[in-house]
Amino acid sequence: MYRGAFTHPEARKLTTSRPQVIAFNEPQDDRFNQSQIPWIQNVYEPSPVTSLLHACLAFLFIIPLATCALLDVGAGDATTEGNEKPALLVLIAVDQMRADYFDRFRPQLIGGLRTLLEDSAVFINARQDHAITSTAPGHAAMLSGLYPRDNGMVDNTWFDRTLGRRERAAIDPEKQLVGVSANNNSPGVSPRQFLGTSLVGWLKDLDPLSQAVSISRKDRAAVLMAPEAEHVYWWHAASGRFISSTYYRDELPDWVNVFNGNDWLSGYLGGSWEQLEAEPAYILSRPDAYEGERGPRGFGTVFPHPFPTSRPALGRTIELTPFMDKATLDLGRAAITALNLGQDGVTDVLALGLSSTDSVGHYFGPYSRELQDQILRLDRMLGDFLEFVDRTAGLHRTLVILTADHGVAPLPEYSRELGDAAERLRLGEIYRGISEYLGDEFGGENWFTSSSHGWIQVDRAKATKLGVDANYIVHKAREYIETLDTVVAVFSRDDLLEDRKPQSQIEELLRRSFYAERLGDLYLLHSPLSLWQTGLATNHQSPYDYDRRVPLILRGPGIRPGVYAEPVAIVDIAPTLAHMLGLTAPNALEGIILEHVIVR
């Protein structure tokens, strides 16, 4: 069921625009026109207001920084002969990076992000083409070429109907953590929940000597970017170390132990996160102190953000800062050096999940000064990293892919300031409303719990115990939910299991996210720009364009540089790279080959 027209240009743009996908039939208005939405415009054609700001900022900031030259890799280096296979694939997954950040901050980019905008294939209409836009499904799509309906990664957590319990995307209770103290009883991690294959596995099928390394702050990102990788490491905040799992190895390799032993974390004890640039640079962001920001206790909501003086506390706090990304990139450098990645005659893979943008966005929002500072620092750090790659494996022999798992919504308070309706919604209130609607017929019980953001699950064990038909409860709950103004669409499992053409584009996106045994009874889509409240400043996980539209950049041997405006999906990455490398996927892929960007 869908009803109502969307009223905000950023929220309403739902079209996937994939050639094989049905048109979006719901009411639209002229603000859907891309030429009237500044942040959807070509990254090289900003709006007039943005252009003026860019010109002023270029004079104030870019010219004095001219000595910080861009990485000197020309177009001739970036596009070697089409038949030369890359020695190294570097996947850079920037968690929660919206595509409009490139346009918004372009005049202040002088490092790696600026380098990747030049001599690259830049896709300005790339999207995660599924409805539940969260970390696990977004990372799983990148090198698998599969939607969640095929790879099983429907969300970060879900209710498993077969097992009757909540499951997490990467947790494996049959494995143990490696690199933590012996008395740590936390479960291990593995790709056991992932149901497909990926480019990493296809490379290994072609040449077992191909190496793959995947590193991130988040375990689920590290695992799902490269499910078949033999080197997978993620951050363990409690110990302040990068760790692994017995699924991959029984002990950490020497080079990871050396990195951990250098104790980079302690260098931040008692310090602070301060603005990188002078005050005028932050004209592109809203004021520092803003209603709705949710900085953790002791960290605050304005610069400078102080760091704890205890190491265990700092291990958690550092996750909210750009310096977590720096550590991830530094461990990536250590991997290149220790394993001679890209220097052994076969194509190796290095996947780096940079999660700080996600942490900063969740606590402060996409228009905050903290987010701007995060992107500027990321740009500089990526510049240093790419220079290192050039000195070792050689950028002319390296294929770099930059993308994101999802975007993020503006703070509801910020949307309201701009004149748009946006609310912080609580599923608990909907549960209470359902109970009141059902009334005495069902004993006033609370029948529902959250299965995932937007999905709710009836307590079937309770229904069986009390002799109540669970399906009838679902039917009556849907009746009530369809009366709510804050819910613009509701779908049942039966809707999505029915063998029919999708009735709307929302349904098409939701079907791509639907794996029957891992999702609930009803899916509720909130009104645009609103949030299911989780205690954070803002969130993602909706099918709206601010959550789905992400950057996609390909740079390196075999890639034809240019700005490409046609709609593409993140699931297109895997089949395109497989085609370039002469690989055969053992399973049918959802993505398509972007042949026009491949140099023949």
Peer 1: May I ask you to decide if I592's main-chain N or O and D572's side chain share a donor-acceptor pair within less than 3.5 Å?
Peer 2: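 Confirmed, D572 side chain pairs with I592 backbone.
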
Peer 1: Considering only heavy atoms from C-beta outward, does the side chain of W455 approach that of F491 to under 4.5 Å?
Peer 2: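 No, too far: nothing below the 4.5 Å cut-off.
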
Peer 1: Within the side chain of N125, is there an N or O that forms a donor-acceptor pair under 3.5 Å with the backbone of E566?
Peer 2: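 No, because the side chain of N125 does not come within donor-acceptor range (under 3.5 Å) of the backbone of E566.
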
Peer 1: So, does R518 use its side chain to make a donor-acceptor pair with the main chain of G152 at under 3.5 Å?
Peer 2: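 Here the side-chain-to-backbone pair exists.
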
Peer 1: Any side-chain heavy-atom pair from I473 and V468 closer than 4.5 angstrom?
Peer 2: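 With C-beta onward as the side chain, the pair touches.
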
Peer 1: Could E498 and R511 be called an ion pair, given the rule that one side-chain N must be under 4.0 Å from one carboxylate O?
Peer 2: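 Looking at E498 and R511, the cut-off is not met.
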
Peer 1: Would you call E590-R512 a salt bridge at under 4.0 Å N-O?
Peer 2: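 Salt bridge: no.
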
Peer 1: Look up atom CG in L199 and atom CG in L581, then write down how far apart they are to the nearest 0.5 Å.
Peer 2: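 Between atom CG of L199 and atom CG of L581 there are 6.5 Å.
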
Peer 1: With sequence neighbours left out, what residues match P296 under side chain to side chain contact (heavy atoms under 4.5 Å, CB included)?
Peer 2: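 P296: side chain to side chain contact (heavy atoms under 4.5 Å, CB included) contacts with F299, L320, Y363.
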
Peer 1: With sequence neighbours excluded, what pairs up with R217 under the salt bridge (charged side-chain N to carboxylate O under 4.0 Å, His left out) test?
Peer 2: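 Partners of R217 by the salt bridge (charged side-chain N to carboxylate O under 4.0 Å, His left out) criterion, ordered by chain and then number, come out as E319.
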
Peer 1: If we ignore angles and hydrogens, is there a donor and acceptor under 3.5 Å between the side chains of S239 and H236?
Peer 2: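 Yes, side-chain donor-acceptor contact under 3.5 Å.
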
Peer 1: Any non-hydrogen side-chain atom of W532 less than 4.5 Å from a side-chain atom of N539?
Peer 2: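 A side-chain contact under 4.5 Å is absent here.
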
Peer 1: Please determine which of V474, I434, N471 meets the side-chain contact (heavy atoms from CB on, under 4.5 Å) test together with V458.
Peer 2: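 Only one of V474, I434, N471 forms a side-chain contact (heavy atoms from CB on, under 4.5 Å) with V458, namely V474.
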
Peer 1: Report yes or no: does S210 contribute a side-chain atom to a donor-acceptor pair with the main-chain N or O of L206 at less than 3.5 Å?
Peer 2: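 Side chain of S210 to backbone of L206: no pair is present.
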
Peer 1: When you measure from the centre of the six-membered ring of Y147, is the NZ or CZ of R149 closer than 6.0 Å and no more than 45° off the axis?
Peer 2: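 No - R149 does not lie over the ring of Y147 by the 6.0 Å and 45° rule.
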
Peer 1: Check whether any side-chain heavy atom of W234 lies under 4.5 Å from a side-chain heavy atom of R220, and answer yes or no.
Peer 2: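 W234 vs R220: side chains apart.
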
Peer 1: Does the side chain of T584 come under 3.5 Å of the side chain of W202 through a donor N or O and an acceptor N or O?
Peer 2: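 Side-chain D/A pair, T584 to W202: absent.
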
Peer 1: Keeping T576 on the side-chain end and L594 on the backbone end, is there a donor-acceptor pair under 3.5 Å?
Peer 2: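 Indeed, once roles are kept as given, a pair shorter than 3.5 Å links the two residues.
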
Peer 1: Does the side chain of Y248 pick up a donor-acceptor pair with the side chain of E230 at under 3.5 Å?
Peer 2: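 Absent: no donor and acceptor within the cut-off.
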
Peer 1: Would you say the side chain of L525 lies within less than 4.5 Å of the side chain of V490, judging by non-hydrogen atoms?
Peer 2: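 Sidechains of L525 and V490: no contact.
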
Peer 1: Quick one, L425 with L531, criterion side-chain contact (heavy atoms from CB on, under 4.5 Å). Give me CA distance, side-chain angles, the key distance, then yes/no.
Peer 2: CA-CA 6 Å; L425 306 171; L531 304 171; over 6 Å; no

Peer 1: Salt-bridged, E436 to R432, with N to O below 4.0 Å?
Peer 2: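 Looking at E436 and R432, the cut-off is not met.
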
Peer 1: Walk me through whether V189 and V223 qualify under side-chain contact (heavy atoms from CB on, under 4.5 Å).
Peer 2: CA-CA 8 Å; V189 166; V223 169; 3.3 Å; yes

Peer 1: Return the CG to OH distance between L378 and Y101, rounded to the nearest 0.5 Å.
Peer 2: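 So the CG of L378 and the OH of Y101 are separated by 11.5 Å.
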
Peer 1: Just checking, is any N or O donor in the side chain of T157 or R166 under 3.5 Å from an acceptor N or O on the other one?
Peer 2: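 A donor-acceptor contact under 3.5 Å links the two side chains.
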
Peer 1: Are R478 and D495 close enough for a salt bridge, meaning some N to O gap below 4.0 Å?
Peer 2: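 Salt bridge flag = yes for D495 with R478.
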
Peer 1: Is the backbone N or O of P551 less than 3.5 Å from a side-chain atom of T403, with the two atoms forming a donor-acceptor pair by type?
Peer 2: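 Yes; at least one donor-acceptor contact below 3.5 Å.
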
Peer 1: Under a 4.0 Å N-O cut-off, is there an ion pair linking D129 with R549?
Peer 2: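 No, no charged N to carboxylate O under 4.0 Å.
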
Peer 1: Can you name the nearest heavy-atom pair linking R460 to A470, along with the distance?
Peer 2: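 What the structure gives for the nearest pair is NH1-CB, 3.4 Å.
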
Peer 1: Search all heavy atoms of Y546 against all heavy atoms of R98 and return the closest pair with its distance.
Peer 2: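 Distance-wise, the nearest heavy atoms are CB-NH1, 3.9 Å.
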
Peer 1: Within a strict 4.5 Å, meaning less than it, do heavy atoms of the Y515 and N151 side chains meet?
Peer 2: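 Not touching, per the 4.5 Å side-chain cut-off.
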
Peer 1: Are side-chain heavy atoms of S513 and V154 found at a separation under 4.5 Å?
Peer 2: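 They are not in contact (no side-chain heavy atoms under 4.5 Å apart), so the answer is no.
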
Peer 1: If only side-chain N and O atoms count, and only distance matters, is there a donor-acceptor pair under 3.5 Å linking T357 with Q374?
Peer 2: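 Side chains of Q374 and T357: pair found under 3.5 Å.
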
Peer 1: Would a distance-only check, ignoring hydrogens and angles, find a side-chain to backbone donor-acceptor pair under 3.5 Å from T483 to E479?
Peer 2: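 Not at all, since once roles are kept as given, no pair shorter than 3.5 Å links the two residues.
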
Peer 1: List in chain and number order the residues that pass side-chain hydrogen bond (donor to acceptor under 3.5 Å, both in side chains) with E174, two or more places apart in sequence or in another chain; answer none if no residue qualifies.
Peer 2: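 With sequence neighbours excluded, E174 shows a side-chain hydrogen bond (donor to acceptor under 3.5 Å, both in side chains) to no residue whatsoever.
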
Peer 1: Looking only at side chains, do S186 and N184 share a donor and an acceptor under 3.5 Å apart?
Peer 2: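 The answer is yes; a qualifying pair exists.
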
Peer 1: Would you give the length of the straight line joining atom CD of Q541 to atom CG of N156, rounded to the nearest 0.5 angstrom?
Peer 2: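 CG of N156 is found 6.0 Å from CD of Q541.
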
Peer 1: Name all residues meeting the salt bridge (charged side-chain N to carboxylate O under 4.0 Å, His left out) criterion together with D325; count only those two or more places apart in sequence or in a different chain, and write none if there are none.
Peer 2: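 Scan of D325 (salt bridge (charged side-chain N to carboxylate O under 4.0 Å, His left out), adjacent residues dropped) gives none.
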
Peer 1: To the nearest 0.5 angstrom, please state how far the CZ atom of R424 sits from the OG1 atom of T486.
Peer 2: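 Answer for the CZ-OG1 pair, R424 versus T486, is 15.0 Å.
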
Peer 1: Counting distance only, does the side-chain N/O of S530 pair as donor-acceptor with the main-chain N or O of H526 below 3.5 Å?
Peer 2: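 Side chain of S530 to backbone of H526: no pair is present.
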
Peer 1: Within this structure, what is the CG-CE distance for the pair L146 and M153, rounded to the nearest 0.5 Å?
Peer 2: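 Between atom CG of L146 and atom CE of M153 there are 11.5 Å.
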
Peer 1: Rounded to the nearest 0.5 Å, what separates atom CG in D420 from atom OH in Y414?
Peer 2: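 So the CG of D420 and the OH of Y414 are separated by 10.5 Å.
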
Peer 1: Report the C-alpha separation of I124 and Y564 in whole Å, then their side-chain angles, then the decisive distance to 0.1 Å, and conclude whether the side-chain contact (heavy atoms from CB on, under 4.5 Å) test is met.
Peer 2: CA-CA 6 Å; I124 62 173; Y564 297 88; over 6 Å; no

Peer 1: Is it the case that the side chains of S356 and S359 hold a donor-acceptor pair, with the cut-off being a distance below 3.5 Å and no angle test?
Peer 2: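 Per modelled atom types, S359 and S356 side chains form no pair under 3.5 Å.
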
Peer 1: If only side-chain N and O atoms count, and only distance matters, is there a donor-acceptor pair under 3.5 Å linking D547 with S542?
Peer 2: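 S542 vs D547: donor-acceptor pair found between side chains.
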
Peer 1: Ignoring hydrogens, what is the shortest heavy-atom contact between Y233 and S244? Give both atom names and the distance.
Peer 2: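 Reported closest heavy-atom pair: CD2-CB, 3.8 Å.
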
Peer 1: Under 3.5 Å, is there a donor-acceptor pair between the side chain of H579 and the main chain of P575?
Peer 2: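 A pair under 3.5 Å: no.
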
Peer 1: Compare every heavy atom of S415 with every heavy atom of P410, then report the nearest pair and how far apart it is.
Peer 2: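 Looking at all heavy atoms of both residues, the closest pair is CB-OG, 3.8 Å.
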
Peer 1: I want to check a possible cation-pi pair here: K218 against W235, using under 6.0 Å from ring centre and within 45° of the ring axis as the test.
Peer 2: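 Relative to the ring axis of W235, which defines the angle, K218 lies outside at least one limit.
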
Peer 1: Can you list the residues that meet the salt bridge (charged side-chain N to carboxylate O under 4.0 Å, His left out) rule with E228, with sequence neighbours excluded?
Peer 2: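 Counting only residues at least two positions away or on another chain, E228 forms no salt bridge (charged side-chain N to carboxylate O under 4.0 Å, His left out).
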
Peer 1: Name the one of T538, D358, D405 that satisfies side-chain hydrogen bond (donor to acceptor under 3.5 Å, both in side chains) with Q96?
Peer 2: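 Going through the options one by one, the only one that passes is D358.
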
Peer 1: Which heavy-atom pair separates P227 from F194 by the least distance, and what is that distance?
Peer 2: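 Result for this residue pair: CG-CE2, 3.6 Å.
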
Peer 1: Using 30° and 60° as the class limits, which term best fits the ring planes of H596 and F123: parallel, tilted or perpendicular?
Peer 2: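 Taking F123 first and then H596, their aromatic rings stand perpendicular (interplane angle over 60°).
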
Peer 1: Checking R192 now: which residues fulfil salt bridge (charged side-chain N to carboxylate O under 4.0 Å, His left out) with it, not counting sequence neighbours?
Peer 2: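 Applying salt bridge (charged side-chain N to carboxylate O under 4.0 Å, His left out) to R192 gives E167, D172.
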
Peer 1: Is R493 reaching over with its side chain to a backbone N or O of D521, donor-acceptor style, under 3.5 angstrom?
Peer 2: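 Pair absent, no side-chain N/O of R493 close to backbone of D521.
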
Peer 1: Hey, are R249 and H231 close enough side-chain-wise for a donor-acceptor pair under 3.5 Å?
Peer 2: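 There is such a pair between these side chains.
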
Peer 1: Do the side chains of L252 and V178 get nearer than 4.5 Å, heavy atoms only?
Peer 2: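 V178 reaches L252 side chain to side chain.
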
Peer 1: More than 12 heavy atoms of other residues, nucleotides or ligands under 6.0 Å from CG of D207: is that the case?
Peer 2: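 Enclosed.
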
